[in-house]
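None of the values given here were measured: they were computed from a predicted structure.
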Amino acid sequence: MKFSIDSIILWPKRDEFSYRRIPFADGKINIITGASRTGKSAIIPIIDYCLCSNKCQIPVDVIRNSCEWFGVLFNLEDGQLLLCRREPGTQVSTGEMYITRNDIIDIPQHIEANTTADAVKNTLNELFSMSFLDMDPAGISFSARPSYRDFMAFLFQPQNIIANADVLLYKTDATEHRQRLINIFPYVLGAVTPEVLAARQELDRLKKKRDRLQRDIDTIKDVSEMWKQEVFGWLSHAKELGLTQYTPSEHSTFEEQVDQLGLIVNKSDNDTLIQNVQIQGFSAELAKLRNEEQQISSRLFALQRRQNEMSMLKNSMSKYDHALQIQLQRLEISSWLRSMVNPDKMPPLSQSDDDSPAEVLDKLCNAIEAIEQSSGNMKTIPAAFERELASVETEISREAEKLKAIQRRIQEEDNLYVKSSDQKYTRSAVSRFLGRLEASIETYRRLGKDEQLESQLSQVNARIEELSDKVNENELRKKQETALRFISQKMGDIVPYLDTEHPDDPVDFIIKDLTVRIKNKTGREDYLWEIGSASNWLAYHVATVLSFQCFFQNRATVSVPNFVIFDQPSQVYFPQLGLRQDAEDDKRLNIVSDEDKLAVRKVFEAMSKALQDMGSKVQIIVVEHADEDVWGEVEGVHLVERWRDTNQKLVPAEWING
């Protein structure tokens, strides 16, 4: 994807001045060289701010006091895009932005906000074809959908990062950015595509639906005692009220009983025919329920007692085994003594004159063998014992459910008798009964018929199997490993051109730590923070960023801006010029050793080589203290501006002094 920087533009706060424009070239190593305090290190924060960073990190005082708007003009495949953002004043940042897109953009003299930072983020996410789906449908921390903002980590190398042993990529020193980048790395490497994310989302939804359908089917197949007793109660009450002559048998199914309720609910209070035999039958049914309640209660008591006994036995077995282990530990010294010394030459071990040291040791060792045998026998008991204990606990749960259902039915009948003992057999009571029955009948019918649910489950499982092929974690892992091998290979190609102590040592990028790991000749693997020398850190930073850009432009399925920016890579070698005046800066640059200049030149030569290998698809921007005597003859270098004259800086002098 082409998304390079045409120019950086600044608009002054004073209307009498025109904007300031700094142009860059595509496919080149663009260099801004200059003295300290000229604004070089503001280049990255300005671009990042216009790309909607949450915080404005553009240096305060001169730059922010003089500029009203900051803008970046980008070159696209089919035109240009201008993004501008207002200087935030006393705020951390501002959402006021200006955006325009056209084939060729004429830079306006004055800027007025026409959009917000959030709207620009949405526009850029669409431009970069970012997925609008979360990386993890379960919604774990830092797994929200990927954003173009996440890829800023691979574009910028500011001064505090470019030679940092602990932080390799931009903003990954912050936990939130670091963890987000780690989580989206499969997406960064093209192993997880937007199609895969969509499949994951659908797969997660279908798995939840499958579980729900399976629960419903299991409920149908294993209708609880509560439902069975409730249906029995409806039928028994209907018979008592003379609405049916049906009596459930031991062989009648749940579906058959629900069908009978369906026939009953279609009747009216005119169909009731109460007879003494029905009332007597209901009383007998209630007595039967109370008798069954007593039987279940007795079984529960017996099961509970058995569970208590087994639990006590299990506890005793555990204590006994622990005691055996203590005895073993105490007696093991005898075996050690037997193996280490000759018992016949040992002094007596007991008070008895009849026991020789050898006999005492034999007794102790025989005791160990007996204890070990007991301990071994103990180990054969638990498997069958645990199964039996689990069986007892399951039976308790089943009987408790039966008891609860029967007691609920008895309680309902008792409550009904207390509340309406004088109206139980009236026509209005029959009408109310039919109304309650009608409200419950649909639930019973759903529980009684599972053909449709089975069909739905079959369709869902078929779709899950189809999606599982797309979301094959093993295949995704292989794609990720292939991408990492490509990046590591490119790093291995670039590092020898840089100033490193061991240029031929293999190097790998480690996702979980967001750093590189170097394997030395002894086979030891060292992480970036474990190796010394800032020159090594700089080399691996430069190699990593260029390798990722090579991957993005040649292998990746994601769209990433094709520019990278390095802020003063020479700081490792050149003296810190800090607060010196320009003339003094130049003087100190002249005393830098030829060896250090050669090391800095290697950085630019490595960039040039990488640029050629990528077919000049990438734009490299470097802001530097170093001047043309270091990088002047390197192929592909383009001098943007030299900020060494007193009046030549990022912000024009008249904006400050006018």
Side-chain angles (χ1 to χ4, degrees), residues 1 3-11 20 22 24 30 32 39-60 63-64 67-75 81-89 91-99 111 115-125 127-128 130 146-162 164 167-174 176-178 180-181 184 188 514 541 545 548-549 552 559-569 618-623 640 650-651:
M1 176 184 183
F3 192 87
S4 61
I5 298 175
D6 178 272
S7 52
I8 292 175
I9 308 150
L10 311 179
W11 283 266
R20 159 95 156 104
I22 305 167
F24 298 91
N30 294 265
I32 296 176
K40 298 189 304 300
S41 293
I43 296 297
I44 287 178
I46 287 173
I47 297 171
D48 193 28
Y49 186 58
C50 291
L51 285 170
C52 303
S53 62
N54 290 331
K55 182 179 179 181
C56 178
Q57 294 183 317
I58 301 170
V60 295
I63 299 176
R64 287 174 59 173
C67 299
E68 182 72 18
W69 284 84
F70 302 96
V72 183
L73 180 63
F74 297 97
N75 290 323
L81 174 70
L82 177 61
L83 296 178
C84 306
R85 197 169 183 184
R86 184 186 293 276
E87 192 273 323
Q91 304 176 79
V92 173
S93 65
T94 178
E96 292 183 79
M97 291 195 67
Y98 173 86
I99 183 173
I111 299 294
T115 188
T116 64
D118 289 338
V120 172
K121 286 181 181 179
N122 292 333
T123 299
L124 292 178
N125 275 325
L127 179 64
F128 290 109
M130 291 291 162
S147 166
Y148 77 94
R149 286 293 313 169
D150 298 316
F151 288 84
M152 300 299 106
F154 304 100
L155 305 184
F156 303 127
Q157 284 281 299
Q159 283 190 61
N160 65 315
I161 298 292
I162 196 167
N164 193 317
V167 182
L168 183 64
L169 301 174
Y170 182 57
K171 286 195 174 180
T172 55
D173 50 340
E176 179 182 358
H177 292 288
R178 181 183 185 84
R180 269 188 58 84
L181 190 59
I184 71 163
V188 170
L514 292 183
H541 275 254
V545 171
F548 268 101
Q549 267 298 335
F552 291 144
S559 298
V560 181
N562 60 325
F563 66 84
V564 291
I565 307 178
F566 299 95
D567 188 356
Q568 301 187 54
V618 175
Q619 178 189 51
I620 300 175
I621 298 174
V622 184
V623 292
V640 176
L650 174 66
V651 177

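Exactly one of Gln159, Gln157, His541 qualifies for a side-chain contact (heavy atoms from CB on, under 4.5 Å) with Phe566. That residue is Gln157. For the side-chain contact (heavy atoms from CB on, under 4.5 Å) with Ile43, the qualifying choice from Ile58, Val623, Val622 is Val623, the only one to do so.
Formation of a donor-acceptor pair under 3.5 Å by the Arg20 side chain with backbone atoms of Leu650 is found in this model. Without hydrogens or angle criteria, Gln619 side chain to Ile5 main chain gives a donor-acceptor distance under 3.5 Å. In this structure, Ser7 contributes its side chain and Leu73 its backbone to no donor-acceptor pair below 3.5 Å. Although no hydrogens or angles enter the test, the distance criterion places no donor-acceptor pair under 3.5 Å between the side chain of Asn122 and the main chain of Ala119. Using modelled atom types, one side-chain atom of Tyr148 and one backbone atom of Leu51 make a donor-acceptor pair closer than 3.5 Å. Arg64 places a side-chain N or O within 3.5 Å of a backbone atom of Gly89 that can act as its donor or acceptor partner.
Between Ile111 and Cys84 the shortest heavy-atom distance is CD1-SG, 4.2 Å. Of all non-hydrogen atoms in Val120 and Met97, the two that sit nearest each other are CG2-SD, 3.9 Å. Scanning all heavy atoms of the two residues, the minimum distance from Ile63 to Ala42 falls at CD1-CB, 3.5 Å. The nearest pair of heavy atoms linking Ile44 to Ile565 is CG1-CG2, 3.5 Å. When all heavy atoms of Tyr98 and Trp69 are compared, the pair lying nearest together is N-CZ3, 4.0 Å. Listed here is the closest heavy atom pair of Phe156 and Ile47: CZ-CG2, 3.9 Å.
Atoms OG1 and CZ, on Thr172 and Arg180 in that order, are 13.5 Å from each other to the nearest 0.5 Å.
By the 4.5 Å heavy-atom criterion applied to side chains, Phe24 and Val72 are not counted as neighbours. Side-chain contact between Ile46 and Leu10 is present, with at least one heavy-atom pair separated by less than 4.5 Å. Side-chain contact between Gln57 and Tyr49 is absent, with no heavy atoms from C-beta onward closer than 4.5 Å.
Atom CG of Asn160 has more than 12 heavy atoms from other residues, nucleotides or ligands within 6.0 Å.
A salt bridge does not link Arg85 with Glu96: none of the charged nitrogens is closer than 4.0 Å to a carboxylate oxygen. Between Asp48 and Arg149, at least one side-chain nitrogen of the basic residue sits less than 4.0 Å from a carboxylate oxygen of the acidic one, meeting the salt-bridge criterion.
In this structure, Phe74 and Phe3 have parallel ring planes: the angle between them is below the 30° cut-off, well short of the 60° mark.
No close placement of the Phe128 and Phe151 rings is indicated, their centers lying 6.0 Å or farther apart.
Partners of Asp567 by salt bridge (Lys or Arg N to Asp or Glu O under 4.0 Å), not counting sequence neighbours: none found.
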